[in-house]
Student: 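Right, I'll just put the structure down here and ask away after.
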Amino acid sequence: MLSIAEQDTLVKLIHDLKNPVSVIYSSLHLIEYQHPEVKNYQYWNDTMNDLENLKLFLQNYSFIKSNT
């Protein structure tokens, strides 16, 4: 179990990560929209899936912490 100080630090870190991750995710979606051929790149789908999972994790953790 994390101490209160550790929990506060984690909440701040997650908050600070949410905006840049959203910008990266949105930028990649824009690239995909403007250049559909990127879907054929070897690691494109993996990258998009990983970013979606990261966004979901950050959203879920923020939601859980705001409800405790």
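For clarity, every value in this text was computed on a predicted model and none was experimentally measured.
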Student: First locate atom CD of Glu52, then atom OG1 of Thr47, and finally report the distance between them rounded to the nearest 0.5 Å.
Tutor: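 Reported value, rounded in 0.5 Å steps: 11.0 Å.
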Student: Nearest 0.5 Å, please: how far is OG1 in Thr9 from CG in Leu2?
Tutor: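 Taking CG in Leu2 and OG1 in Thr9, the distance rounds to 9.5 Å.
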Student: Taking everything shown except Ile4 itself, do over 12 heavy atoms lie less than 6.0 Å from its CD1?
Tutor: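 No, CD1 of Ile4 has 12 or fewer neighbouring heavy atoms, counting only those of other groups under 6.0 Å.
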Student: Any idea which heavy atoms bring Ile14 and Phe57 closest together, and the distance?
Tutor: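 Minimum heavy-atom separation between Ile14 and Phe57: CD1-CE2, 4.5 Å.
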Student: Report the residues that fulfil side chain to side chain contact (heavy atoms under 4.5 Å, CB included) with Ile24, sequence neighbours left out, ordered by chain and then residue number.
Tutor: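 Ile24 satisfies side chain to side chain contact (heavy atoms under 4.5 Å, CB included) with Leu28, Leu51 only.
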Student: Please test Tyr43 against Asp50 for side chain to side chain contact (heavy atoms under 4.5 Å, CB included), starting from the C-alpha separation and ending with a verdict.
Tutor: CA-CA 10 Å; Tyr43 298 108; Asp50 289 345; over 6 Å; no
Student: Hey, quick one: are Val23 and Leu56 part of the same hydrophobic cluster, counting side-chain heavy atoms closer than 4.5 Å, chains of contacts allowed?
Tutor: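 No, no single cluster joins them.
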Student: I'd like to know whether the aromatic ring centres of His29 and Tyr33 sit less than 6.0 Å apart in this structure.
Tutor: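 Aromatic pair excluded; centres sit 6.0 Å or further apart.
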Student: Just verifying a value: how many Å separate Glu37 CD and Ile31 CD1, rounded to the nearest 0.5 Å?
Tutor: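 So the CD of Glu37 and the CD1 of Ile31 are separated by 10.5 Å.
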Student: Of all heavy-atom pairs between Asn45 and Lys39, which one has the smallest distance, and what is that distance?
Tutor: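 Nearest heavy atoms, Asn45 then Lys39: ND2-O, 4.2 Å.
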Student: If every non-hydrogen atom of Val38 is compared with every non-hydrogen atom of Glu32, which pair is closest and at what distance?
Tutor: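 Minimum heavy-atom contact is CG2-CA, 3.7 Å.
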Student: Are side-chain heavy atoms of Glu6 and Met1 found at a separation under 4.5 Å?
Tutor: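 Of all side-chain heavy-atom pairs linking Met1 with Glu6, none is under 4.5 Å.
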